[in-house]
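Just passing along the structure, written as structure tokens.
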Amino acid sequence: MWMLELLDIDLIKEYLNNQINELVCWWYYYIKEISWQLLIAFLAYICVCIFFYVILKKVNHAAWQLPGPPRRILLVTAHPDDEVMFFGPMIYWVTRSKISNIYLLCFSSGGDKQRKKELWNCTKLLGIPEANVTIIMSSELPDSQSVKWPVDVLAENILHYIESYKINAVITFDKYGVSKHKNHISLYFAIAALCIEKKVPSYCKLYVLESVNITRKYVQLLDLPISLLSASYWYLLTYEQRKNIRNAMKAHKSQYVWFRKLYMIFSRYTFINTLQEISALDLELDFQFDDEYTQSN
């Protein structure tokens, strides 16, 4: 009797082993098939990116840049090096335009006199006249990731600049600040406050640089189709033109450390800038401005 029981146990074990082997084989072939499909899809997507890039190299980008184009553009940044790390492609094309003049308003010197000099050197390489560069130095505006700058101080300075220079377009960070830096985000809330309170002159429009997720931020060319299909306005550089941006970044010697060198190689912000226009209605529909505005103060 015990021999029969032992035989039954062996048969059960054999049956279970066969079932497990079949399941393993099925999963192997399933994963293999899915992997091939994903690889083919990825290669196809790369081909699409290359196709977009090759075609766009041969066409005039003016139709996708800011409408007008604006005669006077004000770029509002938080720190020296923001202009080249995040807005390089836009600056490249604007400075080569015979129609638009670009002004830079930077709200800190980075806490170091050397960084102020580096900004002058960088903007010179980018093609922004020294007379068009203004640096605000105030104890109320420390260079700190953990500090929200006072919105009223920022808004007052930006509005003064708009009215003094008859600015037609203001460009700054969006509500995510590209890197979620609180100083960057404060600039967005400053222009949002001006917009909501209807203080912006009718001849001036407001634009923000789109923030993207961490994956898109560092895939450079692979982000091209998504950027072009989702953005209202964009500025695109070729790989040859990007050399100008990298050389300008080198002027920020104190900041040009190894991880920023990697950033300049892989970041899509050194390759393409995508911009969106904002209005009072957009702000009211997009987020609860009053809550965020209160927190910013």
Side-chain angles (χ1 to χ4, degrees), residues 66 69-95 100-110 115-116 119-120 122-123 126 128-138 140-144 147-197 199-201 203-211 233 235 269 273-279 282-283 292-293 296:
L66 296 186
R71 292 293 302 273
R72 299 179 183 86
I73 298 174
L74 173 61
L75 174 60
V76 181
T77 62
H79 319 102
D81 73 25
D82 286 350
E83 75 289 340
V84 65
M85 288 183 65
F86 305 114
F87 299 92
M90 185 274 295
I91 294 175
Y92 179 91
W93 286 112
V94 171
T95 53
S100 301
N101 289 319
I102 187 167
Y103 297 81
L104 174 63
L105 178 59
C106 181
F107 273 96
S108 78
S109 62
R115 293 193 66 183
K116 182 178 178 180
L119 179 59
W120 299 124
C122 178
T123 52
L126 289 173
I128 303 176
E130 184 175 332
N132 291 11
V133 180
T134 302
I135 302 175
I136 303 293
M137 292 183 288
S138 170
E140 295 182 279
L141 307 172
D143 180 357
S144 173
V147 175
K148 293 179 180 179
W149 287 345
V151 169
D152 55 342
V153 174
L154 300 174
E156 181 182 353
N157 279 278
I158 293 172
L159 182 59
H160 174 74
Y161 211 105
I162 292 173
E163 294 175 337
S164 298
Y165 291 89
K166 302 298 180 184
I167 298 297
N168 305 118
V170 176
I171 301 173
T172 192
F173 297 98
D174 68 4
K175 63 182 178 181
Y176 302 107
V178 176
S179 59
K180 296 184 178 180
H181 197 299
K182 290 184 178 180
N183 295 167
H184 296 178
I185 297 171
S186 297
L187 298 179
Y188 170 77
F189 284 115
I191 66 167
L194 292 174
C195 187
I196 289 289
E197 296 167 12
K199 293 182 178 180
V200 181
Y203 54 78
C204 182
K205 294 186 176 181
L206 307 176
Y207 301 91
V208 292
L209 179 70
E210 290 185 323
S211 297
Y233 310 106
Y235 294 83
Y269 289 99
N273 284 160
T274 52
L275 306 175
Q276 295 284 2
E277 183 179 356
I278 64 171
S279 65
D282 293 330
L283 292 171
E292 295 289 347
Y293 180 80
S296 296

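Values in this document were obtained by computation on a predicted structure and should not be read as measured data. FYI, the numbering just counts along the sequence from 1.
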- Task: Output yes when a side-chain donor or acceptor of T172 lies under 3.5 Å from a complementary backbone atom of V208, and no otherwise.
- Result: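 The answer is no, because no donor-acceptor pair under 3.5 Å joins these two groups.
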- Determine whether the side chains of H79 and D82 contain a donor N or O and an acceptor N or O closer than 3.5 Å.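 Note: H79 and D82 side chains meet the donor-acceptor criterion.
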- Item | Contact check, side chains of C106 and P80, non-hydrogen atoms, under 4.5 Å |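 Yes. Closest side-chain heavy atoms under 4.5 Å.
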- State which residues pass side chain to side chain donor-acceptor pair (under 3.5 Å) with K199; sequence neighbours excluded, sorted by chain then number.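 K199 satisfies side chain to side chain donor-acceptor pair (under 3.5 Å) with E197 once adjacent residues are dropped.
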- Query: Residues two or more places apart in sequence or in another chain: which of them pass side chain to side chain donor-acceptor pair (under 3.5 Å) with S138?
  - Reply: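 For S138 there are no side chain to side chain donor-acceptor pair (under 3.5 Å) partners, ignoring immediate neighbours.
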- Query: Quick check: does any side chain N or O of N183 sit under 3.5 Å from a backbone N or O of W149, one acting as donor and the other as acceptor?
  - Reply: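 Checking the backbone N and O of W149 against the side chain of N183, no donor-acceptor pair under 3.5 Å is found.
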- Query: Under the side chain to side chain contact (heavy atoms under 4.5 Å, CB included) test, which residues partner P129, sequence neighbours left out?
  - Reply: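 By the side chain to side chain contact (heavy atoms under 4.5 Å, CB included) rule, P129 matches N132.
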- Task: Heavy atoms only: give me the nearest C204-A169 pair and the separation to one decimal.
- Result: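 In terms of heavy atoms, the two residues are closest at SG-N, 4.2 Å.
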- Task: Mind checking ring-ring contact (aromatic ring centres under 6.0 Å, His included) for Y176 and listing every partner two or more places apart, or none if nothing turns up?
- Result: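 In terms of ring-ring contact (aromatic ring centres under 6.0 Å, His included), with neighbours along the sequence ignored, Y176 is linked to no residue.
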- Message: Determine whether a donor-acceptor pair (N or O, by modelled atom type, separation under 3.5 Å) exists between the side chain of S109 and the backbone of M137.
- Response: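 Such a contact is absent between S109 side chain and M137 backbone.
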- Going by heavy atoms in the side chains, are Q276 and L209 under 4.5 Å from each other?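 Heavy-atom side-chain distance check fails, nothing below 4.5 Å.
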- Task: For Y203, enumerate each residue passing the ring-ring contact (aromatic ring centres under 6.0 Å, His included) test, keeping only those at least two apart in sequence or located in another chain.
- Result: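 Not a single residue meets the ring-ring contact (aromatic ring centres under 6.0 Å, His included) criterion with Y203.
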- Could you tell me which residues satisfy side chain to side chain contact (heavy atoms under 4.5 Å, CB included) with V133, sequence neighbours excluded, listed by chain and number?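 Only L104, L119, W120, T123, I128 meet the side chain to side chain contact (heavy atoms under 4.5 Å, CB included) criterion with V133.
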- Message: Test of understanding: with side chain to side chain donor-acceptor pair (under 3.5 Å), list the residues that count as partners of E156, not counting sequence neighbours.
- Response: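 Per chain and number, E156 pairs via side chain to side chain donor-acceptor pair (under 3.5 Å) with no residue.
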- Message: Side chains of L74 and L105, heavy atoms from C-beta outward: is any pair under 4.5 Å?
- Response: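 Yes; the side chains approach each other to less than 4.5 Å.
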- To the nearest 0.5 angstrom, please state how far the CZ atom of R72 sits from the CG atom of N101.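 Interatomic distance, R72 CZ to N101 CG, rounded to 0.5 Å: 7.0 Å.
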- Item | Value rounded to 0.5 Å, distance of CG in L66 from OH in Y207 |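 These two atoms lie 5.0 Å from each other.
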- Message: For F173, give me all partners under ring-ring contact (aromatic ring centres under 6.0 Å, His included), at least two apart in sequence or on another chain.
- Response: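 So F173 forms a ring-ring contact (aromatic ring centres under 6.0 Å, His included) with F86, F87, H184.
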- So do the side chains of S186 and F107 get within less than 4.5 Å of each other, counting heavy atoms only?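 No. Closest side-chain heavy atoms not under 4.5 Å.
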- Task: Verify, without hydrogens or angle tests, whether N168 (side chain) and R71 (backbone) share a donor-acceptor contact under 3.5 angstrom.
- Result: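 Indeed, once roles are kept as given, a pair shorter than 3.5 Å links the two residues.
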- Item | Test item: I135 and S108 side chains (from C-beta on) under 4.5 Å apart, heavy atoms |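 No, too far: nothing below the 4.5 Å cut-off.
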- Item | Contact check, side chains of M90 and L75, non-hydrogen atoms, under 4.5 Å |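 Yes, close enough: below the 4.5 Å cut-off.
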- What distance separates Y188 OH from C195 SG, expressed to the nearest 0.5 Å?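 Spacing of OH (Y188) from SG (C195) equals 8.5 Å.
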- Message: Suppose we screen for ring-ring contact (aromatic ring centres under 6.0 Å, His included). Which residues come up paired with Y161, at least two apart in sequence or across chains?
- Response: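 Y161: ring-ring contact (aromatic ring centres under 6.0 Å, His included) contacts with Y165.
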- Message: Run the salt bridge (Lys or Arg N to Asp or Glu O under 4.0 Å) test against R115 and tell me which residues pass, sequence neighbours left out.
- Response: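 Salt bridge (Lys or Arg N to Asp or Glu O under 4.0 Å) check on R115 returns D81, D143.
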- Message: Less than 6.0 angstrom separating the ring centers of Y235 and Y92, yes or no?
- Response: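 No, ring centres 6.0 Å or more apart.
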- Message: For E140 versus P150, what's the shortest heavy-atom pair and its separation?
- Response: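 That closest heavy-atom pairing would be O-CD, 3.5 Å.
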- Query: Given side chains that start at C-beta, do those of Y269 and M85 come closer than 4.5 Å, heavy atoms only?
  - Reply: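 With C-beta onward as the side chain, the pair stays apart.
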- Task: Verify the distance criterion only: is there a donor paired with an acceptor across the side chains of T77 and E83 at less than 3.5 Å?
- Result: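 No, because no side-chain N or O of T77 sits under 3.5 Å from a partner of the opposite role on E83.
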- Can you sort out the partners of D174 under side chain to side chain donor-acceptor pair (under 3.5 Å), two or more places apart, ordered by chain and number?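 Residues passing side chain to side chain donor-acceptor pair (under 3.5 Å) with D174: S211.
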